[in-house]
Number of protein chains: 2
Amino acid sequence: MKTNSKNKIIIVDDHLLFSQSLELLIKSFGDYEVIERFENGKVFIDYIEENNDAEINLVLLDVNMPVLDGLSTMKWLKDFRPDLKVIALSVNDDEEIIIKMITNGAKGYLLKDTSPEIFKEAIECVIEKGFYFTELVSGMLINKVNSDNKKINLKEKEIVFIKHACTEMTYKEIASEMCLSPKTIDGYRESLFDKLEIKTRIGLVLYAIKHKIVFV
Amino acid sequence: MKTNSKNKIIIVDDHLLFSQSLELLIKSFGDYEVIERFENGKVFIDYIEENNDAEINLVLLDVNMPVLDGLSTMKWLKDFRPDLKVIALSVNDDEEIIIKMITNGAKGYLLKDTSPEIFKEAIECVIEKGFYFTELVSGMLINKVNSDNKKINLKEKEIVFIKHACTEMTYKEIASEMCLSPKTIDGYRESLFDKLEIKTRIGLVLYAIKHKIVFV
DNA sequence: TTAAAAAAGGGGATATTTCCCCTTGTCCTA
DNA sequence: TAGGACAAGGGGAAATATCCCCTTTTTTAA
């Protein structure tokens, strides 16, 4: 049953300047009103829990936030409020995170350099049709299903080894640190070189950083 | 000569959603108008060059932009239009970049999670008094002058070598790539190990990534 | 203008990394 | 229940990386 009142939108974003400004932009579209704004996932979830029956037509959810980030928030929504429609907003086009947001139920994923026109279109589309994906995102989804086989999964010990390999320790020192024989460490190394298609420890370090196994 | 017209502001930010929204926020403050918006430093500079006599009271300059970023833009302004008052806007509080923006003439540095109230205050302050620094930034400036001695500056050749060292090439290969003797490369390596207080090539890679000499 | 750095390169030694092929248990499953 | 995958570990060799001490020429600074 469609009432003639405006669509109710919630913004969750820690960039106050952005979130407050965005509210004005959305208002200027006419058919929408921003009923609440929150600065991280935690306070948003607190609100949802206490206002379980509030009418919410759309949630604009930032991905990078302190306290409770967009992905964790999305996972919570998937479990407790899968009915809420969410468009994820982010500055980065990291495939990993985009896929994760969508598999956890986001109905759209927009970069913050999206034009206001596309943004308006996306909002309308999600509220009416239920989803909106840009070419960027569609491409990633296709890319994903086509390469979902050869996925690399590392074991806990390997992760620990990689973290150590990203320091100035020698393998001998790493072995003693991990209470394993240097030869075992050598085995880990060789198997990882093979698995990750790299040839040197430098390659391992670059891989680890790129895949966020270690942070710099 | 102060006219009774509104203060003229330019926004330079690649996040269209943000920049268009911000314009609305600024308008809502009353005393200001956004006369132009640009999505990177390049198009902004093009505009400035062609409108040398335009009245501009304040520039809001994003730091992270494609094509020509905030810092490069700031450096250009320092050389050609040091009269323009600039507030840098950014999501990151990286000390390095903040210091650089300020030493290149930025009159203020605000994070995008600033509240609209502080933002308004900053705008007023910069236009009237000429600068506005938050505690975060002041702290960094103090921190800076207290540790300005032991600064490391790398030469162009060293930078090139470091970039190569962050690949799976051997030093011999790097030497041939750079048209230098392997022994010279060894010299670069040793001098860098000394200068950067590291002991292995792994340490060099970590340094390079942390200091944004290479990207992953 | 003279002394001190710096840039390019070398000799030679030791330590570390990388590679390939092997053994011994254990656990799982077809 | 035999075969296979896998974790831990070993031998041994070649390739790389690291270190220390040296020469020559050019630049820079006092």
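So you know, we letter chains A, B, ... as the sequences are listed, proteins then strands, and number each from 1.
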Whole angstroms only, please: what is the [atom1]-[atom2] distance between [X] and [N]?
X: B:Asp194; N: D:dT18; atom1: CG; atom2: P; value: 14 Å
X: A:Lys155; N: D:dA5; atom1: NZ; atom2: P; value: 14 Å
X: B:Leu204; N: D:dT16; atom1: CG; atom2: C1'; value: 15 Å
X: B:Phe193; N: D:dC20; atom1: CZ; atom2: C1'; value: 15 Å
X: B:Arg189; N: D:dT16; atom1: CZ; atom2: C1'; value: 11 Å
X: A:Ile202; N: D:dT16; atom1: CD1; atom2: P; value: 14 Å
X: B:Glu197; N: D:dT18; atom1: CD; atom2: P; value: 17 Å
X: B:Glu168; N: C:dC19; atom1: CD; atom2: C1'; value: 15 Å

Of the candidate nucleotides [options], which contains the atom at the shortest distance from the side chain of [X]?
X: B:Glu190; options: D:dC19, C:dA7, C:dC20; answer: D:dC19
X: B:Thr200; options: C:dT17, C:dA7, D:dT18; answer: D:dT18
X: A:Thr170; options: D:dG9, C:dT16, D:dT16; answer: C:dT16
X: A:Lys172; options: C:dT16, C:dT18, D:dG9; answer: C:dT16

message: Can you list, in residue-number order, the parts of residues 181-188 of chain B that come under 4.0 Å of DNA chain D, counting heavy atoms only?
response: B:Lys183, B:Asp186

Ignoring backbone atoms, test whether [X] places a side-chain nitrogen or oxygen under 4.0 Å from the OP1 or OP2 oxygen of [N].
X: A:Lys157; N: D:dA8; answer: yes
X: B:Tyr171; N: D:dT18; answer: yes
X: A:Arg201; N: D:dT16; answer: no

- request: Take B:Asp194 and B:Ser191, measure what side chain to side chain donor-acceptor pair (under 3.5 Å) needs, and give me the verdict at the end.
  value: CA-CA 5 Å; B:Asp194 203 42; B:Ser191 120; over 6 Å; no

query: Is there a side-chain contact between B:Tyr132 and B:Leu110 (heavy atoms, below 4.5 Å)?
result: yes

List the atom pairs, with distances to 0.1 Å, where a side-chain N or O of residues 74-88 of chain B and a protein N or O form a donor-acceptor pair under 3.5 Å, not counting sequence neighbours.
{"from": "B:Arg81", "atom 1": "NE", "to": "B:Asp83", "atom 2": "OD1", "distance (Å)": "3.0"}
{"from": "B:Arg81", "atom 1": "NH1", "to": "B:Asn52", "atom 2": "O", "distance (Å)": "3.3"}
{"from": "B:Arg81", "atom 1": "NH1", "to": "B:Asn52", "atom 2": "OD1", "distance (Å)": "3.1"}
{"from": "B:Arg81", "atom 1": "NH2", "to": "B:Asp83", "atom 2": "OD2", "distance (Å)": "3.1"}
{"from": "B:Lys85", "atom 1": "NZ", "to": "B:Ile127", "atom 2": "O", "distance (Å)": "3.1"}

message: Please verify the inter-ring angle class for A:Phe38 with A:Tyr47; under 30° counts as parallel, over 60° as perpendicular, anything in between as tilted.
response: tilted

- request: Working to the nearest 0.5 Å, report the span between NE2 of B:His211 and CG of B:Leu196.
  value: 8.0 Å

- prompt: Taking all atoms of both residues into account, what is the closest heavy-atom pair of A:Lys112 and A:Val91, and its distance?
  reply: CD-CG1, 3.8 Å

message: Under 4.0 Å between a side-chain nitrogen and a carboxylate oxygen: does that hold for A:Glu96 and A:Lys212?
response: no

